[in-house]
Amino acid sequence: MLTAIVGGLLAIAGGFAAAWLQLRTTRRARMNAIIAEKKVKANAEAYQYIKEIERSLVQRSGEETLLLMADRDGWMSANRLFLPGAFPEKWASLRITLQWLVGRPPEGPKGPDHQHDLRVKALRLAKDALHEIYDDMGIEESAYPPSRN
């Protein structure tokens, strides 16, 4: 009789352990799926925003481009965890470069091509940010042009 009770208790404990493990595995899989969905959405939006900034750098003034970036600050804060590793740093560098372009440059000598050089640097940073997105999404390097450093 005692062995039947112990066996029953062990069967109940084993059932609880199996259910707990299955629940834990299911939760982890669901969490990973949600994170993957958010990463894809954040990467798609980041791609769209960087392309807008890139076009603005070519077609508009530095002030307009900086305002465009400032409009995306809330988005950047909300999606920082889901963006590729170095993307936030590229974004911050691009923003600083645009601030220098519109009139708050770092100390040092400024040549006649200073504005042009800053605009080219900003375009290169935008391309580098795009490369971060491509790499995070697993798009092969041959599918996009290499960055000029």
Are V58 and Y47 connected into the same hydrophobic cluster when the rule is that any two of I, L, V, M, F, W, Y join if their side-chain heavy atoms are below 4.5 Å apart? yes

Who pairs with S56 by side chain to side chain contact (heavy atoms under 4.5 Å, CB included), at least two apart in sequence or on another chain? R60, T65, L68

Any residue meeting salt bridge (charged side-chain N to carboxylate O under 4.0 Å, His left out) with E52, in chain and number order, not counting sequence neighbours: R72

For K51, enumerate each residue passing the salt bridge (charged side-chain N to carboxylate O under 4.0 Å, His left out) test, keeping only those at least two apart in sequence or located in another chain. E54

Under the side chain to side chain contact (heavy atoms under 4.5 Å, CB included) test, residues paired with R95 that sit two or more places apart: L66, M69, A70, D73, Q99

So, using side chain to side chain contact (heavy atoms under 4.5 Å, CB included) as the criterion, who are the partners of K41 when residues are at least two apart? E45

For residues I96 and L123: do they belong to one hydrophobic cluster (side chain heavy atoms under 4.5 Å, members Ile, Leu, Val, Met, Phe, Trp, Tyr)? yes

For residues 8-28, which residue pairs pass the side chain to side chain donor-acceptor pair (under 3.5 Å) check, not counting sequence neighbours? none

Answer yes or no: is there a side-chain heavy-atom contact under 4.5 Å between L98 and E63? no

If you define the side chain from C-beta out and look only at heavy atoms, does anything of I139 sit under 4.5 Å from I133? no

Applying the 4.5 Å side-chain criterion to the ILVMFWY set and letting contacts propagate, would M137 and W91 be lumped into a single cluster? yes

What is the ring orientation for H131 with Y134, classed by angle as parallel under 30°, tilted 30 to 60°, or perpendicular over 60°? perpendicular

Joint cluster assignment, V120 & L125, ILVMFWY side-chain distance < 4.5 Å: no

Residue list, side chain to side chain donor-acceptor pair (under 3.5 Å) with E89, at least two apart or on another chain: none

Side chain to side chain contact (heavy atoms under 4.5 Å, CB included) evaluation trace for L83 with M76: CA-CA 9 Å; L83 292 167; M76 179 56 137; 3.5 Å; yes

Restricting to side chain to side chain donor-acceptor pair (under 3.5 Å), what partner residues turn up for E37, sequence neighbours left out? none

Not counting sequence neighbours, which residues clear ring-ring contact (aromatic ring centres under 6.0 Å, His included) with Y49? List them please. W75

Each residue besides F16 in its hydrophobic cluster should be listed here, by chain and number; the cluster joins Ile, Leu, Val, Met, Phe, Trp and Tyr at side-chain heavy-atom distances under 4.5 Å. I12

Of all residues at least two apart in sequence or in a different chain, which pass the side chain to side chain contact (heavy atoms under 4.5 Å, CB included) check with D136? K39, N43, P84

Would you confirm whether R80, through its side chain, and P88, through its main-chain N or O, come within 3.5 Å as a donor-acceptor pair? no

Nearest heavy-atom approach of A42 to F82 is CB-CB, 3.9 Å

Which heavy atom of R119 sits nearest to which heavy atom of S61, and what is that distance? NH2-C, 4.2 Å

Side-chain cluster (under 4.5 Å, hydrophobic types only) that I34 belongs to, other residues: none

Do the side chains of I50 and L94 get nearer than 4.5 Å, heavy atoms only? yes

